[in-house]
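Here is the structure we will look at.
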Amino acid sequence: MSSKQQHLDTLGEIRDLMNRSSRFVSLSGLSGVCAGVFALAGAAAAYLYLGGDLFFGLEVFGPDSRADYHTIRLAEKMREMDFYSFMLLDAGLVLLCALLSGTYFTWRRARRAGAKLWDETSRRLLVQLFVPLAAGGLFCIFLLLHGQAALLAPATLVFYGIGLFSAAKYTFNDVQYLGLCQIGLGLIGLVFPVYGLLLWALGFGVLHIVYGGVMYYRYERNKQQ
Amino acid sequence: MSNYLHQLNKAFENRSRLGIMSVLAVNERVDFNRLKELLDLTDGNLASHLTALERENYIEVQKQFIGKKPNTSYLLTDAGRAAFRSHLDALEAMLREMR
């Protein structure tokens, strides 16, 4: 029995070293949840900007409501800005907040596990993720230059999905399913560009939250107790 | 069970050596400091295990300069990969019989 346990321990050690040396396992599910929340906020801002009239109805807040006043002020400001700078600001803010919060939670998880945030595995993970993302970024710039703004949302989904799919082999395998779902949503968006923003909110928002939540409960919550 | 005992590789009896092989099995090449960090070994300890594995012709050493710093990295040879695999197979077979 003890010899069996010994062999099992040995195999466990081998597996642990293989994982630790080739996969970045500190990626936190909470990073995904945060990214999703910021994405939903960004999508809501874009929705207000694009179809804001729906939310201006005085009957919603009442004429004297402060909330109403602020909503109108915000909407007026948004209207003063031109479409492209608004979209860039919105997307940029979402990206920045998602990256900062994502880095924070992943850093926290790495610190608790006594692992490093920046090592060979996180470097490989980021290369796999950012090569498709950089290509996607340039692709989107050219979409804009050619006046195809409606295809932006689905294009970002597709390229992000490809990035996740390729990065999955350097972190949790589950990430590849998230990637496939993002690619799928993006392709649907290319067929029906009208639903672009909705699909974007679904992919970057809801899927991130669901995925991050599942990952958190599956891999992190129990280990802390 | 004794059938499998002789298939367990003597060179991998040591945990650190098995650890080195495990890391190299899933990474194309790994440098000295990274191995030290992953296995939590001292310089001298790691170096002696690496030398032993190199003597068995299981790993290959590559020395190069990155800028002006010398950098030593290690990779599995085909013989090393085969030996590691059959060691794992033997472990697996033994566990199966004990069940």
Side-chain angles (χ1 to χ4, degrees), chain A residues 1-28 103 106-131 164-176 219 223, chain B residues 1-5 7-41 46 49 53 58-59 66 71 73-76 80-81 83-99:
Chain A
M1 186 61 208
S2 70
S3 139
K4 180 176 181 177
Q5 195 53 47
Q6 221 175 334
H7 291 316
L8 283 174
D9 287 350
T10 307
L11 283 176
E13 265 174 52
I14 291 173
R15 194 175 144 165
D16 174 57
L17 267 172
M18 283 178 159
N19 268 332
R20 237 173 351 110
S21 67
S22 64
R23 287 171 186 270
F24 184 67
V25 290
S26 298
L27 195 64
S28 172
T103 309
T106 293
W107 168 79
R108 200 179 68 160
R109 186 174 176 194
R111 195 195 48 182
R112 282 180 182 166
K116 279 185 173 175
L117 183 62
W118 183 247
D119 67 1
E120 186 61 26
T121 54
S122 53
R123 192 187 65 79
R124 280 190 221 158
L125 173 70
L126 289 180
V127 168
Q128 294 293 318
L129 183 62
F130 276 99
V131 168
L164 286 182
F165 190 78
S166 77
K169 58 180 173 292
Y170 293 119
T171 181
F172 299 101
N173 262 331
D174 315 59
V175 171
Q176 71 182 14
Y219 296 119
K223 286 189 178 170
Chain B
M1 147 158 191
S2 52
N3 300 346
Y4 300 108
L5 214 52
Q7 285 173 28
L8 286 180
N9 200 319
K10 279 274 190 291
F12 303 146
E13 258 175 16
N14 179 294
R15 284 194 163 187
S16 304
R17 283 180 209 170
L18 197 55
I20 294 170
M21 296 300 284
S22 310
V23 172
L24 294 181
V26 287
N27 290 279
E28 204 176 333
R29 64 183 62 232
V30 181
D31 69 18
F32 189 87
N33 288 328
R34 174 95 177 122
L35 275 175
K36 203 173 84 173
E37 184 185 301
L38 282 166
L39 297 162
D40 204 17
L41 291 172
L46 176 58
H49 289 310
L53 288 172
Y58 287 163
I59 62 174
I66 295 179
N71 179 280
S73 57
Y74 301 86
L75 45 133
L76 278 196
R81 195 172 293 279
F84 183 61
R85 186 164 297 158
S86 54
H87 185 77
L88 287 186
D89 287 345
L91 271 180
E92 191 191 350
M94 286 179 68
L95 280 171
R96 225 180 273 272
E97 283 210 353
M98 283 179 199
R99 203 177 275 164

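Lettering follows sequence order; numbering is per chain, from 1. Keep in mind it's a predicted model, so treat the numbers as computed, not measured.
- Inter-residue side-chain proximity for A:L11 and A:H7 is flagged as unmet; no heavy-atom pair is nearer than 4.5 Å.
- Taken to the nearest 0.5 Å, the OG atom of B:S86 stands 10.5 Å off from the CG atom of B:L91.
- Of the atoms belonging to A:N19, not a single heavy atom falls under 4.5 Å from chain B.
- Side chains of B:L18 and B:F84 form a contact here, defined as non-hydrogen atoms less than 4.5 Å apart.
- Under a 4.0 Å N-O distance rule, the pair A:E13/B:R15 qualifies as a salt bridge.
- Heavy atoms closer than 4.5 Å to chain A are found nowhere in B:E92, neither backbone nor side chain.
- Contact of A:I14 with chain B is made through backbone and side chain together, with heavy-atom distances under 4.5 Å.
- A side-chain N or O of A:Q5 and one of A:D9 form a donor-acceptor pair less than 3.5 Å apart.
- Only the side chain of A:R124 comes within contact range of chain B, with heavy atoms under 4.5 Å apart.
- The part of B:L88 that comes within reach of chain A is its side chain, from C-beta onward, which places non-hydrogen atoms under 4.5 angstrom from that chain.
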